[in-house]
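Note sheet for the following structure.
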Amino acid sequence: MQQKLNLYNTLTRKKEEFQPLHPPFVGMYLCGPTVYGEPHLGHARSAVTFDVLYRYLKFIGYKVRYVRNITDVGHLVNDADEGEDKIQKLAKLENLEPMEVAQNYTNIYHRDISRLNNLPPDIEPRASGHIIEQIEMIQEILENGFAYEVNGSVYFDVEKYNKAYKYGKLSGRVIEDLIGNTRTLDGQDEKRASVDFALWKKASPTHIMRWASPWSDGFPGWHLECSAMSRKYLGKTFDIHGGGLDLMFPHHECEIAQSQASHNHTDAARYWIHNNMITVGGQKMGKSLGNFINLSELFNGNHDMLEQAYTPMTIRFFILQAHYRSTLDFSNDALQAARKGYSKLMNGLRILAKMDGQAGTGEPDQKLNEELKKLVEDCFKGLNDDLNTAKTIASLFNLLKKINSLYLGQLTIASITTEVYTLLTETYRTLVLDVLGLQQESTADVEEMLHLVLGFYKEAKDTKAYDKVDEIRAELKKQGIVIKDLKTGIDWAYEE
RNA sequence: GGUAACGUGGCCGAGUGGCUAGGCUCAGCUCUGCAAAAGCUGCUACAGCGGUUCGAAUCCGCUCGUUACCUCCA
């Protein structure tokens with residue numbers, strides 16, 4: 001590997017050089033969405049952050065298996081609902097099959113997330129498709145003595161686990177504090193301790209999402225799927241586990257406990273990576289506060305908080321120009337600035353394409369060549385330093401300044417060696433397109449453009465400039481468009 | 001209450017001891033038929049108060065303010 005990637009590991013609270021367990025292979029698991037609602041800006045941040053990590057790992061030579069789950073079962077609404085499934089609750093309201101709801105939101109998630117040019121994961125397992133694996137895992141935990149059964153439900157014994165291992169090592173939680181602070185919990189709960197969490201819940205008679213198990217007809221606990229599925233596809237120990245910062249506790253903490261209690265007594269993932277939240281006026285954007293903006297709303301501009309629509313690439317750039325571990329504040333101003341920054345970066349690509357083949361034809365300017373090499377190196381420094389895309393984008397802008405100057409002749413392109421020129425263009429193109437995953441977004445409207453061209457066409461006909469008329473026809477035909485001179489006016493059609 | 005963060009110029013946002021972050025906005029200049037684009041220059045910074053240090057936005061303490069997690073949450 002040419003590049004040394006350092007990543008901040010939540011487990012150690014330090015930046016560490018990334019070294020996979022079995023190079024050149026890398027296993028990466030990301031907690032995906034619970035499909036009971038449309039994806040919002042927060043989902044996008046998580047997806048984009050880990051998409052860039054995925055892309056960069058592949059770019060520096062690793063063979064990556066990227067697993068991102070779909071949660072379509074198991075999350076509880078809250079304690080008061082006594083085990084009613086989030087997805088099921090919605091299904092009842094809308095009179096749909098639970099799986100229909102899950103499928104619908106899964107489709108929307110795929111649609112919106114892919115518009116942001118996120119690569120699809122290599123495996124996208126569904127919780128409902130891995131009930132058997134989850135049951136097996138519960139059995140292991142029971143056999144190892146870290147769980148107990150009550151009335152057909154199985155709970156994880158956190159206090160017992162804490163004596164053998166240490167519960168709370170990811171989030172820095174101390175179990176005594178947790179117990180002390182949750183004493184208000186209802187007394188009729190089946191759990192031995194408030195900190196215990198469900199591995200299997202017996203379904204109430206009205207609960208329609210249910211599966212058979214050795215304990216009861218029921219459904220798996222809400223942290224289990226990730227442990228079971230990451231293990232199935234990545235192994236008992238794998239390299240990277242990612243997710244939003246809000247999943248660190250209790251979700252990821254419970255995952256660690258489950259994995260450790262069920263097998264080998266080793267950590268499941270070696271590097272735990274967490275992206276920070278999107279905020280609105282300093283407050284977390286989230287479901288509970290109701291201050292979230294769905295991706296589809298961002299794309300079409302239909303939301304009270306939006307002054308206009310923003311394109312997918314504007315959103316992607318907006319996310320990338322901040323470091324993933326910082327909170328990122330949403331505002332229209334920030335998005336409008338992102339749009340311009342994005343366009344600027346894209347214009348650089350167009351200019352580069354026009355300059356090919358002009359370098360190395362004159363006397364090399366040693367100083368300039370060295371300067372350019374350094375700017376190229378800077379671009380990678382950012383990525384290697386805990387995936388600091390903000391830094392990398394700043395470096396790309398510095399590089400772009402030189403590219404623009406070369407293009408305008410303020411710097412002499414002939415004095416750049418072909419070697420440096422290749423390095424420069426390759427770096428710029430690769431980082432922008434392949435690693436940051438930005439893509440050209442056409443703002444031009446074909447109909448509008450044609451309207452303009454047909455105006456010139458009519459003008460040429462009116463003035464009997466038939467050379468011009470023929471030329472316009474020929475050029476449009478190359479684009480697969482034919483002009484139709486009708487009695488009623490001028491029209492066009494796609495060539496058949 | 002427990003735990004963990006954060007507070008950077010008009011806006012967004014990097015930066016952990018000394019070297020220009022960057023983008024957007026604004027002003028000026030170059031270029032230009034006029035523009036635009038691009039380049040160059042400039043403008044408001046490191047919440048406050050102390051301390052450590054030759055030197056701090058960066059380390060330490062206190063004060064003020066904001067937030068996150070502790071319940072589902074990307």
Side-chain angles (χ1 to χ4, degrees), chain A residues 10 13 30-34 36-37 39-50 68 71 74-81 86 89 109 113 168 171-174 176-185 194-195 197 222 242-251 253 274-279 281-289 292 317-345 347-348 351 378 382 385 388-411:
Chain A
T10 308
R13 311 268 161 170
L30 173 65
C31 285
T34 304
Y36 68 106
H40 58 70
L41 201 47
H43 295 95
R45 187 172 202 193
S46 193
V48 168
T49 298
F50 289 94
R68 184 182 66 202
T71 297
H75 280 217
L76 300 176
V77 174
N78 58 45
D79 283 359
D81 282 325
K86 230 177 207 177
K89 190 179 186 196
Y109 180 80
I113 287 295
S171 58
R173 291 277 159 19
V174 181
E176 288 78 12
D177 293 343
L178 289 171
I179 293 166
N181 283 313
T182 45
R183 66 176 95 88
T184 50
L185 215 79
S194 57
V195 286
F197 55 91
W222 48 101
L245 196 60
D246 50 357
L247 294 180
M248 185 169 75
F249 188 88
H251 185 59
E253 202 68 76
H274 292 98
N275 64 277
N276 214 319
M277 302 292 104
I278 302 267
T279 57
Q283 267 202 326
K284 177 184 168 182
M285 179 180 282
K287 288 254 176 213
S288 42
L289 279 163
F292 60 93
F317 186 91
F318 170 67
I319 290 168
L320 292 176
Q321 50 88 34
H323 182 59
Y324 75 91
R325 285 197 290 119
S326 301
T327 55
L328 172 58
D329 202 52
F330 161 87
S331 72
N332 283 280
D333 284 351
L335 281 172
Q336 280 153 18
R339 176 71 213 176
K340 294 195 178 179
Y342 158 75
S343 300
K344 196 168 184 167
L345 222 45
N347 281 331
I351 288 167
D378 283 349
D385 183 13
N388 195 330
T389 51
K391 230 188 211 175
T392 291
I393 287 174
S395 303
L396 284 170
F397 277 121
N398 286 330
L399 199 56
L400 178 60
K401 254 183 203 180
K402 298 294 177 194
I403 291 169
N404 278 321
S405 294
L406 287 167
Y407 180 61
L408 291 182
Q410 289 159 341
L411 293 172

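All heavy atoms count here, side chains included; hydrogens, waters and symmetry mates do not. A, B, ... follow the sequence lines: proteins, then strands. Residue 1 opens every chain.
Here His40(A) lies in heavy-atom contact (under 4.0 Å) with a base. Lys284(A) comes within contact range of at least one nucleobase, with a heavy-atom separation under 4.0 Å. Using a 4.0 Å heavy-atom cutoff across all strands shown, Gly286(A) reaches no nucleic acid atom at all.
Among the nucleotides G39(B), C70(B), A74(B), the one closest to any side-chain atom of Asn275(A) is A74(B). Taking every side-chain heavy atom of Lys401(A) into account, G39(B) is the closest of A74(B), C70(B), G39(B).
The separation of G65(B) from G28(B), taken at their C1' atoms, amounts to 38 Å, rounded to a whole angstrom. Between the C1' atoms of G13(B) and C69(B), the separation comes to 24 Å (whole Å). Across A5(B) and U20(B), the matching P atoms stand 30 Å from one another, rounded to whole Å.
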Per-nucleotide protein contact along nucleotides 10-15 of chain B, 5' to 3', at a 4.0 Å heavy-atom cut-off (B base, S sugar-phosphate only, - neither), is -SSSSS
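Across every strand in view, C31(B) sits unpaired, with no contact that passes the Watson-Crick or G-U test at under 3.5 angstrom. Look at A57(B): it lacks any Watson-Crick or wobble partner with both distances under 3.5 angstrom.
At a cut-off of 3.5 angstrom, counting only N and O atoms as typed in the model, there is no donor on one side facing an acceptor on the other between the side-chain of Arg339(A) and the base of C24(B).
Distances shown here put every side-chain N or O of Lys344(A) at or beyond 4.0 Å from the OP1 or OP2 atom of G22(B).
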